[in-house]
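Working notes, structure below.
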There are 4 protein chains.
Amino acid sequence: MAQDTHQKILEAADQLFGEFGFDAASTRLIAERSGINKALIHYHFGSKDELFRAVLDRYYERLGEVLSAHLEGEGPVRDRFTTLIDAYVDFLRDNLAFSHIVQREAAGGRHVERIISRMTPLLQGGVQLLRAAYPDAFEDDVGPAQVLLSYYGMIISTFTYAPVLAPILGFDPLGDEALAARKRHLQHMVDLLVSDLEATSKERGEEK
Amino acid sequence: MAQDTHQKILEAADQLFGEFGFDAASTRLIAERSGINKALIHYHFGSKDELFRAVLDRYYERLGEVLSAHLEGEGPVRDRFTTLIDAYVDFLRDNLAFSHIVQREAAGGRHVERIISRMTPLLQGGVQLLRAAYPDAFEDDVGPAQVLLSYYGMIISTFTYAPVLAPILGFDPLGDEALAARKRHLQHMVDLLVSDLEATSKERGEEK
Amino acid sequence: MAQDTHQKILEAADQLFGEFGFDAASTRLIAERSGINKALIHYHFGSKDELFRAVLDRYYERLGEVLSAHLEGEGPVRDRFTTLIDAYVDFLRDNLAFSHIVQREAAGGRHVERIISRMTPLLQGGVQLLRAAYPDAFEDDVGPAQVLLSYYGMIISTFTYAPVLAPILGFDPLGDEALAARKRHLQHMVDLLVSDLEATSKERGEEK
Amino acid sequence: MAQDTHQKILEAADQLFGEFGFDAASTRLIAERSGINKALIHYHFGSKDELFRAVLDRYYERLGEVLSAHLEGEGPVRDRFTTLIDAYVDFLRDNLAFSHIVQREAAGGRHVERIISRMTPLLQGGVQLLRAAYPDAFEDDVGPAQVLLSYYGMIISTFTYAPVLAPILGFDPLGDEALAARKRHLQHMVDLLVSDLEATSKERGEEK
DNA sequence: TATGAATGAGAGTTCATTCAT
DNA sequence: CATGAATGAACTCTCATTCAT
């Protein structure tokens with residue numbers, strides 16, 4: 001029963017933080033949506049801030065599992081990179097609130113630090129993967145970071161700006177077909193880049 | 001004097017909305033930062049919501065001017081696309097608050113509609129540009145929208161996720177040099193894509 | 001075990017009521033300090049109010065025993081008065097929380113009545129002692145009450161205002177030496193008064 | 001009108017802090033008693049704590065004026081000491097809430113420091129007066145402090161323990177007649193002490 | 001235009017107390 | 001006896017907004 005309450009609060013908070021943002025999602029609202037007493041939020045989580053962190057942590061743990069499966073996997077980098085992007089898109093599709101929360105809080109405010117400390121290891125994992133895969137193409141961490149930031153931006157914007165694209169396209173950009181198309185586009189972007197990296201890599205490798 | 005007050009409010013609100021978000025930037029704070037009386041905000045703007053819209057509108061007007069110069073310009077698309085991206089990056093660098101505001105509010109909340117209606121014409125301009133430039137590569141609006149969304153994501157993430165990259169890179173990703181490097185990366189991404197589009201275009205053109 | 005819990009609650013409540021006052025000493029705090037479950041306070045004492053009364057009653061029972069030994073004793077009144085004051089000082093020194101609780105709650109609030117009903121018999125004992133000792137000096141209860149109130153005030157202020165004196169004196173007014181000096185002062189005040197009472201008594205006795 | 005509100009809040013707070021203590025006097029209650037909006041308390045005083053300090057400061061300023069008139073006056077010390085005590089009693093009679101507030105907060109809690117810093121100069125003034133008057137009777141500050149503490153205790157207990165004495169005496173210890181009697185008693189205590197001090201002073205003076 | 005004061009609603013949080021196990 | 005969970009009321013405080021001057 002207690003575990004149940006804990007969960008109900010987490011899920012309502014998750015939804016509402018995603019929908020309205022941290023400030024606009026009041027504890028009263030969260031309590032109403034959970035169907036629990038407002039005081040229970042503080043009983044279970046201590047404060048609204050800690051509740052937020054719990055929501056965030058839960059997401060990053062799941063995301064960490066999803067990504068590490070790909071980061072630490074085997075096989076050609078091009079494939080791993082592609083499937084990782086697919087997995088990322090799937091994760092965000094299944095956790096729309098998360099994408100909103102991250103975009104909002106990363107843009108500045110009281111929880112940026114938490115976002116930073118959670119994203120850092122994931123990003124570093126990506127950097128290492130790229131450097132290992134194309135040692136000749138990258139001399140330092142800057143290049144891989146550029147690449148990752150770009151792909152990260154392409155992916156998350158899919159979700160953040162879906163409402164902006166919808167009226168232009170005339171259909172829901174987060175529907176199954178639309179997302180499949182988006183994935184193809186992203187894969188194509190990966191192909192372009194990876195081919196380029198391989199070419200560069202080969203070229204520079206020969207120079208040595 | 002009144003014009004002056006109007007302006008001071010706008011600028012303080014701009015800064016604070018960017019730094020803390022709409023909810024956390026209280027009218028008291030805005031008044032303090034402006035050095036004006038709190039009641040004047042309502043005298044000049046009617047409500048906090050309308051003040052926010054004024055801030056947003058001011059940005060989109062400036063941005064519109066900047067972008068339309070490139071969208072409606074002449075010369076090869078590859079160049080126009082490249083300079084447009086450069087201009088976009090410069091605009092966001094000069095208006096950091098704007099990038100934060102957009103990312104936050106586009107992620108959902110009370111002001112999404114305003115963001116949508118402001119972004120739509122800009123996006124449509126971009127779509128038209130791409131379709132006109134590569135009529136053979138794109139059959140409908142979906143392809144260009146994908147491309148634009150991707151580049152938009154790459155650009156704005158530069159600013160939103162700068163704090164995340166900073167500790168990994170060991171330097172400020174928004175410094176002059178770093179931004180120049182970022183621009184080169186973005187240009188490279190444009191090159192890859194445009195070459196691809198031209199190839200596809202040529203290919204499909206020949207098929208006809 | 002149950003007796004143990006009862007005791008642990010009483011002692012924690014005692015300390016905390018003394019340190020922070022009734023309102024500021026929350027049941028949560030008392031439970032934490034006792035190392036017991038918050039609900040047990042109500043199981044054992046019914047309510048926070050009743051817990052407070054239990055703390056108070058325990059003190060007054062102990063104090064009653066201490067004082068009655070002197071009030072009902074034999075020997076010259078001057079000596080009994082002096083030793084009573086010493087005993088009172090010692091009692092308060094050993095029960096600092098008590099002195100704080102009494103001063104605070106006697107100053108008004110929800111528990112004044114309890115304080116009154118507990119202090120009344122003690123005060124009446126003192127009045128009777130003085131009237132019996134100096135029948136010629138006092139015609140009614142008013143005179144003895146004045147005297148007792150004055151000495152009571154001198155004694156308890158020793159403890160209530162120790163923090164105020166400390167920075168002026170440069171040492172702890174509740175240290176062993178300081179308290180011994182205080183006792184000497186109080187005894188001196190008793191000497192002055194008793195000599196006066198005896199003189200008055202003799203004078204008036206001769207008048208008759 | 002604003003000054004009026006400020007005053008109404010101060011007076012209601014004063015009464016309620018005196019009657020119930022800081023914690024039990026809620027801002028809601030204070031607002032109701034003042035007939036003003038709850039938020040105005042924070043508009044005018046910032047916080048409940050600062051409101052409390054304002055109440056306290058107002059009292060100590062008034063008290064300072066009253067006492068300094070006597071401390072810095074001229075004439076024989078016996079007379080000045082006597083009239084000072086009378087003035088103190090009058091002040092407390094006219095400011096019953098003050099006596100309660102001081103007794104309660106001096107007994108420990110969040111505002112002790114404020115009490116200490118306010119009482120210290122007054123006490124030091126008293127110490128200097130006594131040392132100047134009886135240089136031969138006192139070698140250091142300890143003796144005068146003892147004396148002052150004792151008289152202070154006698155005076156304030158008059159008010160703190162009035163409710164305890166009432167049922168024993170059968171009349172209100174704070175009525176005009178009763179207070180006059182109390183003053184006579186206190187004066188008598190002063191007489192006893194001063195005579196003693198003068199005797200001691202003379203004795204020791206001759207020894208030199 | 002500009003100001004200080006005022007308002008009512010609601011924020012997050014803590015409280016003493018109760019309940020089911 | 002003891003516990004963790006739950007409750008509803010109350011807390012201090014801040015909010016956007018309005019009003020009188």
Side-chain angles (χ1 to χ4, degrees), chain A residues 1-6 9 22-31 35-52, chain B residues 1-6 9 22-31 35-52, chain C residues 1-6 9 22-31 35-52, chain D residues 1-6 9 22-31 35-52:
Chain A
M1 194 67 182
Q3 198 61 17
D4 198 42
T5 301
H6 199 89
I9 295 172
F22 180 79
D23 289 306
S26 71
T27 52
R28 181 184 53 76
L29 209 58
I30 294 169
I36 56 100
N37 186 288
K38 196 159 61 100
L40 277 178
I41 292 174
H42 295 86
Y43 178 78
H44 282 274
F45 294 92
S47 70
K48 194 188 175 186
D49 265 52
E50 286 180 71
L51 170 58
F52 181 79
Chain B
M1 191 69 181
Q3 195 60 18
D4 195 43
T5 299
H6 198 89
I9 295 171
F22 179 79
D23 290 303
S26 68
T27 53
R28 181 182 53 73
L29 209 59
I30 294 168
I36 55 102
N37 185 286
K38 196 157 64 100
L40 280 177
I41 292 174
H42 291 84
Y43 180 81
H44 282 271
F45 294 92
S47 73
K48 195 188 174 187
D49 267 50
E50 286 179 71
L51 169 59
F52 181 80
Chain C
M1 192 65 180
Q3 195 60 17
D4 196 42
T5 299
H6 198 91
I9 295 172
F22 179 79
D23 289 304
S26 69
T27 53
R28 181 183 51 75
L29 209 59
I30 294 169
I36 56 101
N37 186 286
K38 197 156 63 102
L40 279 177
I41 292 175
H42 292 84
Y43 180 82
H44 282 271
F45 294 92
S47 73
K48 195 188 174 186
D49 267 49
E50 286 179 70
L51 169 59
F52 180 79
Chain D
M1 195 67 181
Q3 197 62 15
D4 198 43
T5 300
H6 198 89
I9 295 172
F22 180 80
D23 289 307
S26 71
T27 53
R28 182 183 51 75
L29 209 59
I30 294 169
I36 54 101
N37 186 289
K38 202 157 57 100
L40 278 178
I41 292 175
H42 295 88
Y43 178 78
H44 282 274
F45 294 92
S47 72
K48 195 188 175 186
D49 265 53
E50 286 180 72
L51 170 58
F52 181 80

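Reminder, nothing fancy here: chain letters follow the sequence lines and each chain counts from 1.
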Legend entry - For atom CD of Gln3(A) and atom P of dA5(F), their distance in whole Å: 9 Å

Legend entry - Partner nucleotide, any strand, of dA9(E) [Watson-Crick/G-U, under 3.5 Å]: dT14(F)

Legend entry - Exercise: identify the closest heavy-atom pair between Ala31(B) and Asn37(B): CB-C, 4.2 Å

Legend entry - Heavy-atom pair with the smallest gap, counting every atom of Glu50(A) and Phe45(A): CB-O, 3.1 Å

Inset, instruction - Could you work out which one of dC15(F), dT12(F), dG4(F) sits closest to the side chain of Ser26(B)? - result: dC15(F)

Legend entry - 5' priority, DNA chain F, between Gly46(B) and Ile36(A) [closest heavy atom]: Ile36(A)

Legend entry - Who pairs with dT3(F) - Watson-Crick or G-U, where each distance is under 3.5 Å: dA20(E)

Inset, instruction - Let me see the working for Thr27(C) and Leu51(C) under side chain to side chain contact (heavy atoms under 4.5 Å, CB included), right down to the final yes or no. - result: CA-CA 10 Å; Thr27(C) 53; Leu51(C) 169 59; over 6 Å; no

Legend entry - Asp23(C) or Gly35(D), whichever maps to the more 5' nucleotide of DNA chain E: Gly35(D)

Legend entry - Nearest-neighbour nucleotide for the Leu40(D) side chain, dA5(E), dG8(E), dT13(E) considered: dA5(E)

Legend entry - Options dA5(F), dC13(F), dA2(E), nucleotide nearest the side-chain atoms of Thr5(B): dA2(E)

Inset, instruction - Would you confirm whether Lys48(C), through its side chain, and Ile41(C), through its main-chain N or O, come within 3.5 Å as a donor-acceptor pair? - result: no

Inset, instruction - Would you mind reading off the distance between Asn37(B) atom CG and dC19(F) atom P, rounded to a whole angstrom? - result: 16 Å

Inset, instruction - Considering non-hydrogen atoms only, spot the tightest contact between His44(C) and His6(C) and give its length. - result: ND1-ND1, 3.6 Å

Inset, instruction - Measure the distance from CG on Leu29(A) to P on dA11(E) and round it to the nearest whole Å. - result: 8 Å

Legend entry - Selection from dT18(F), dA6(F), dA16(E) that lies nearest to any side-chain heavy atom of His42(C): dA16(E)

Legend entry - Atom-to-atom span, NE2 of His44(A) to C1' of dA6(F) - whole angstrom: 8 Å

Legend entry - Residue Tyr43(A), side-chain heavy atoms: nucleotide from dT14(F), dG4(E), dA5(F) that is nearest: dA5(F)

Inset, instruction - Return yes if the base of dT17(E) and the side-chain atoms of Lys48(C) contain a donor-acceptor N/O pair under 3.5 Å, otherwise no. - result: no

Legend entry - Student check: side-chain heavy atoms of Tyr43(C) and Leu40(C) closer than 4.5 Å: yes

Legend entry - Base of dT3(F) paired with side chain of Lys38(C) (donor-acceptor, under 3.5 Å): no

Inset, instruction - With the side chain of Arg28(A) defined as its heavy atoms from C-beta on, choose the nearest nucleotide among dA2(E), dA11(E), dT12(F). - result: dA11(E)

Inset, instruction - Tell me which nucleotide among dT13(E), dT18(E), dC15(F) gets nearest to the side chain of Ala39(D). - result: dC15(F)

Inset, instruction - Please state how far atom CD1 in Ile30(D) lies from atom C1' in dA10(F), giving the value in whole angstrom units. - result: 14 Å

Legend entry - Interatomic distance where CD1 belongs to Ile41(D) and P belongs to dC13(F) [whole Å]: 10 Å

Inset, instruction - Measure from CZ on Phe52(D) to P on dT12(F) and round the result to the nearest Å. - result: 14 Å

Inset, instruction - In whole angstrom, give the distance that lies between atom CZ of Phe45(D) and atom C1' of dA6(E). - result: 15 Å

